[in-house]
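Before any comments, here is the structure.
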Amino acid sequence: MVKQTIRHNGVVTKSCGNDIYLIKIESKSACSACHAKKYCNASEMQDKMIEAYGECSFEIGEHVFVEMDSSLAGTAVFLSFGLPFIFMVSALFIAYSITGSEVAGGISSLLSLVPAYLFIFIFRKRIEKKFKFKVVKN
């Protein structure tokens, strides 16, 4: 089975030593390439900085590709959307079953986002170790 990767164009902005580089990539929304984007406020483009490792040396300003294993995409989506959703729905049903109040259920489901994202914040180092980006020549 062939290992699939997610690949983005980037530019090396800094060498952090030990084959670790800071790469600037341009993140685009799906409609940013549309011919009518100057008339629409939905399009957005922004630069993101990614720390990645490379197996060979790169010069600052060099155009490169940043790769990540595509199997990690599902994990990323679960951590950013699935886990908070599970917290919210659980809090909603628990609070509603205890109090019988829809308002209490709604407020508790919104407040449940605090522990959900606190959980992600506490385990961020472990999550960072799992999501490794690799720099390859363009």
Side-chain angles (χ1 to χ4, degrees):
M1 186 168 145
V2 177
K3 193 175 194 180
Q4 294 183 346
T5 60
I6 298 170
R7 181 180 270 200
H8 291 283
N9 289 320
V11 178
V12 178
T13 59
K14 184 179 178 183
S15 175
C16 301
N18 293 339
D19 295 329
I20 298 175
Y21 300 93
L22 201 58
I23 311 295
K24 179 175 80 170
I25 64 169
E26 188 177 82
S27 178
K28 300 177 185 178
S29 67
C31 58
S32 66
C34 177
H35 67 279
K37 71 179 180 180
K38 60 184 171 185
Y39 304 110
C40 176
N41 290 332
S43 65
E44 68 178 56
M45 294 173 65
Q46 63 184 26
D47 290 335
K48 293 184 180 179
M49 302 302 282
I50 294 178
E51 193 174 279
Y53 71 94
E55 296 171 351
C56 55
S57 62
F58 298 95
E59 300 295 323
I60 294 175
E62 184 176 352
H63 290 272
V64 294
F65 287 121
V66 179
E67 293 183 342
M68 183 178 75
D69 187 13
S70 65
S71 66
L72 294 173
T75 305
V77 169
F78 174 75
L79 288 174
S80 56
F81 298 108
L83 186 67
F85 180 76
I86 290 169
F87 272 68
M88 285 182 70
V89 171
S90 300
L92 174 69
F93 285 119
I94 292 169
Y96 182 72
S97 66
I98 291 173
T99 64
S101 169
E102 292 177 2
V103 174
I107 291 172
S108 66
S109 68
L110 289 175
L111 291 175
S112 72
L113 290 175
V114 173
Y117 286 110
L118 187 63
F119 176 83
I120 293 171
F121 179 76
I122 290 170
F123 290 103
R124 72 186 179 278
K125 295 294 182 189
R126 187 177 288 173
I127 293 169
E128 283 176 6
K129 288 180 185 176
K130 188 170 186 167
F131 291 94
K132 293 283 186 189
F133 292 95
K134 182 179 178 182
V135 185
V136 293
K137 294 268 185 196
N138 198 349

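Fair warning: this is a prediction, and the values are worked out from it, not measured in the lab.
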Quiz prompt | Same apolar cluster (I L V M F W Y, side chains within < 4.5 Å links), I127/F133 | solution = yes
Quiz prompt | Atom pair CD1/OG of I107 and S101 - distance to nearest 0.5 Å | solution = 7.5 Å
Quiz item: A91 and S112: which non-hydrogen atoms are nearest, and at how many Å?
Solution: CB-CB, 3.6 Å
Quiz prompt | Nearest-0.5 Å distance, CG of residue L22 to CD of residue E51 | solution = 7.0 Å
Practice problem: Check whether any side-chain heavy atom of T13 lies under 4.5 Å from a side-chain heavy atom of I60, and answer yes or no. | Solution: no
Practice problem: Determine which pairs satisfy salt bridge (charged side-chain N to carboxylate O under 4.0 Å, His left out) with at least one residue from residues 67-94, sequence neighbours left out, and list them in order. | Solution: R7-E67
Exercise. May I ask whether L72 and V66 are part of the same hydrophobic cluster, defined by side-chain heavy atoms of I, L, V, M, F, W, Y residues being less than 4.5 angstrom apart, directly or through others?
Key: yes
Quiz prompt | Heavy-atom check, side chain of M68 versus side chain of F131, under 4.5 Å | solution = yes
Quiz item: Between I25 and I50, does a side chain to side chain contact (heavy atoms under 4.5 Å, CB included) hold up when you go through it step by step?
Solution: CA-CA 7 Å; I25 64 169; I50 294 178; 3.3 Å; yes
Quiz prompt | Expected output: side-chain S90 to main-chain F87 donor-acceptor under 3.5 Å | solution = no
Self-check item: Y96 OH: over 12 foreign heavy atoms closer than 6.0 Å
Solution: no
Practice problem: Any chance you could pull the hydrophobic cluster mates of Y53, using side-chain heavy atoms under 4.5 angstrom and chaining through other members? | Solution: none
Quiz prompt | CE on M88 to OG on S108, rounded to 0.5 Å | solution = 9.5 Å
Quiz item: Does F85 sit in a hydrophobic cluster with other residues, and if so which ones, taking ILVMFWY side chains as linked at heavy-atom separations under 4.5 Å, directly or through other members?
Solution: V89, F93
Self-check item: Pairs involving residues 129-138, ordered by first then second residue, that meet salt bridge (charged side-chain N to carboxylate O under 4.0 Å, His left out) (sequence neighbours left out)
Solution: E55-K134, E62-K137
Quiz item: With side chains defined as the heavy atoms from C-beta onward, is the minimum distance between V11 and I23 less than 4.5 Å?
Solution: no
Check: residues 114-126 side-chain donor-acceptor pairs under 3.5 Å, at least two apart:
residue : atom : partner : partner atom : Å
Y117    : OH   : S80     : O            : 3.4
R124    : NH1  : F121    : O            : 2.8

Quiz prompt | Partners meeting side-chain contact (heavy atoms from CB on, under 4.5 Å) with I98 (sequence neighbours left out) | solution = I94
